[in-house]
2 protein chains.
Amino acid sequence: MDTIDPDQRGSGTAVLLADTLDCPSRPVLDLLGSKWSVLIILNLAAGTCRFTELRKAVTGITPKVLTANLRGLERDGLVSREIFAEVPPRTEYSLTPLGESLLVPYKAVQDWAWEHWGTILERREGQSATRPAAG
Amino acid sequence: MDTIDPDQRGSGTAVLLADTLDCPSRPVLDLLGSKWSVLIILNLAAGTCRFTELRKAVTGITPKVLTANLRGLERDGLVSREIFAEVPPRTEYSLTPLGESLLVPYKAVQDWAWEHWGTILERREGQSATRPAAG
DNA sequence: CCGTATCCTGTAAGATACTG
DNA sequence: CAGTATCTTACAGGATACGG
């Protein structure tokens, strides 16, 4: 592997992170990074939700997109869906233990965001770039 | 706000995360989540890199995309670019302190990935979904 | 209430070729 | 070496309407 040479820098951080290139961080970031999933998971973290409740809570999401996200999260074992055969129909979504474990890395991202996001926004004002503005 | 009712669940986690809905976690996740940025930052974490070095290290990236990502990271103050007016030309990219601070949330994601990603992959095998497979 | 079904759009990214 | 210039593709997401 010639991707990284930890000796190039004295810091211990580099060594720590060299391995990450072989680890599945990227797919997990895809998982976390999809536009709505974080809001869905955060809402579910506050308690079980029905479809329409989520739809209201996650402002702006369309039913199609909400369904798609929920199905994906369910497939990955992060969210569980319980269907009640009643009239009118009822479906309840909640976080699985695996889904709840995601709150830990979320927290780290959140902490970083609170501390540094303002700095980035300041920089962006009056600048332009090819890269997405992320918001 | 009626987006979340922390009292719905006894757990302390919910209260902790209720605030996150108002915080800039999402844009930061966009920042981290762009397909290549994590690999770029991780490589730069190991030491200063020239354009071509990054191109080799980040396997599969095209120069256009690499440039676009680097410009965005530079705009946001995560990466600095130093140009040497020499022949042949030389440009060196490195992480700013702000960029290095990103390694902390990365680490949290990475830890989660190592612990739980296998579980998710197992679940995905033999299943299909509307959601992107993320890898 | 809980979704599906279509159609459409925006944009990151890929392929390829070229320049200071 | 360090990029830029086009063109094209893939796909999450948006708008809107309908079905069980």
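Letters A, B, ... are given to chains in the order of the sequence lines, protein chains preceding strands, and every chain is numbered from 1.
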Q: Pick base, sugar-phosphate or nothing for B:Tyr93, based on heavy-atom distances below 4.0 Å to the nucleic acid.
A: sugar-phosphate
Q. Counting just side-chain N and O atoms, does A:Asn69 come under 4.0 Å of either OP1 or OP2 of D:dA12?
A. no
Q | Below 4.0 Å: OP1/OP2 of D:dA12 and any side-chain N or O of A:Ser34 | A | no
Q | Nucleotide D:dA2, atom P - distance to CZ of B:Arg90 in whole Å | A | 9 Å
Q: Using atom CD1 of B:Ile83 as one end and atom C1' of D:dA2 as the other, report the distance to the nearest whole Å.
A: 10 Å
Q. Any side-chain N or O of A:Arg55 less than 4.0 Å from the OP1 or OP2 oxygen of C:dG3?
A. no
Q) Under a 4.0 Å N-O cut-off, is there an ion pair linking B:Asp76 with A:Arg123? A) no
Q.
I want to check one thing: is the phosphate of D:dG3, taken as OP1 and OP2, less than 4.0 Å away from some side-chain N or O of B:Thr67?
A. no
Q: Please state how far atom CG in B:Asp30 lies from atom P in C:dA12, giving the value in whole angstrom units.
A: 10 Å
Q) Are any of the side-chain nitrogens in A:Arg90 or A:Glu92 under 4.0 Å away from the carboxylate oxygens of its partner? A) yes
Q) Can you check the B:Glu92 CD to D:dC1 C1' distance for me, whole Å? A) 13 Å
Q: Please check if the side chain of A:Arg55 supplies one atom and the backbone of A:Ile61 the other of a donor-acceptor pair under 3.5 Å.
A: no
Q. What is the distance from CG of A:Leu29 to C1' of D:dA12, rounded to the nearest Å?
A. 17 Å
Detail all sub-3.5 Å separations between protein N/O atoms and N/O atoms belonging to nucleotides 14-20 of chain D.
{"from": "D:dG14", "atom 1": "OP1", "to": "A:Lys35", "atom 2": "NZ", "distance (Å)": "2.9"}
{"from": "D:dG14", "atom 1": "OP2", "to": "A:Trp36", "atom 2": "NE1", "distance (Å)": "3.0"}
{"from": "D:dG14", "atom 1": "O6", "to": "A:Lys64", "atom 2": "NZ", "distance (Å)": "2.3"}

Q: May I ask you to verify if any side-chain N or O of A:Arg81 is less than 4.0 angstrom from the OP1 or OP2 atom of C:dG3?
A: yes
Q | Atom-to-atom span, CG of A:Leu31 to P of D:dA12 - whole angstrom | A | 13 Å
(Q) Regarding B:Ser80 and B:Ser94, do their side chains bring together a donor and an acceptor under 3.5 Å, going by distance alone? (A) yes
Q) Looking at the side chain of B:Thr91, which of C:dA13, D:dG3, C:dC2 is the nearest nucleotide? A) D:dG3
Q.
Tell me the interatomic distance from B:Lys56, atom NZ, to D:dC1, atom C1', rounded to whole angstroms.
A. 12 Å
Q: Please determine if A:Arg81 forms a cation-pi arrangement with A:Tyr93, meaning its NZ or CZ atom is less than 6.0 Å from the six-membered ring centre and no more than 45° off the ring axis.
A: no
Q: Say whether, by atom type as modelled, one donor and one acceptor occur between the side chain of A:Arg26 and the main chain of B:Lys35 under 3.5 angstrom.
A: yes
Q.
So does A:Arg50 get a backbone contact from the side chain of A:Thr91, meaning a donor-acceptor N/O pair under 3.5 Å?
A. no
Q.
Regarding B:Arg50, tell me which of base, sugar-phosphate or nothing describes its non-hydrogen contacts under 4.0 Å with the strands shown.
A. sugar-phosphate
Q) Rounded to the nearest Å, what distance is computed from the CG atom of residue B:Leu73 to the P atom of nucleotide C:dA12? A) 13 Å
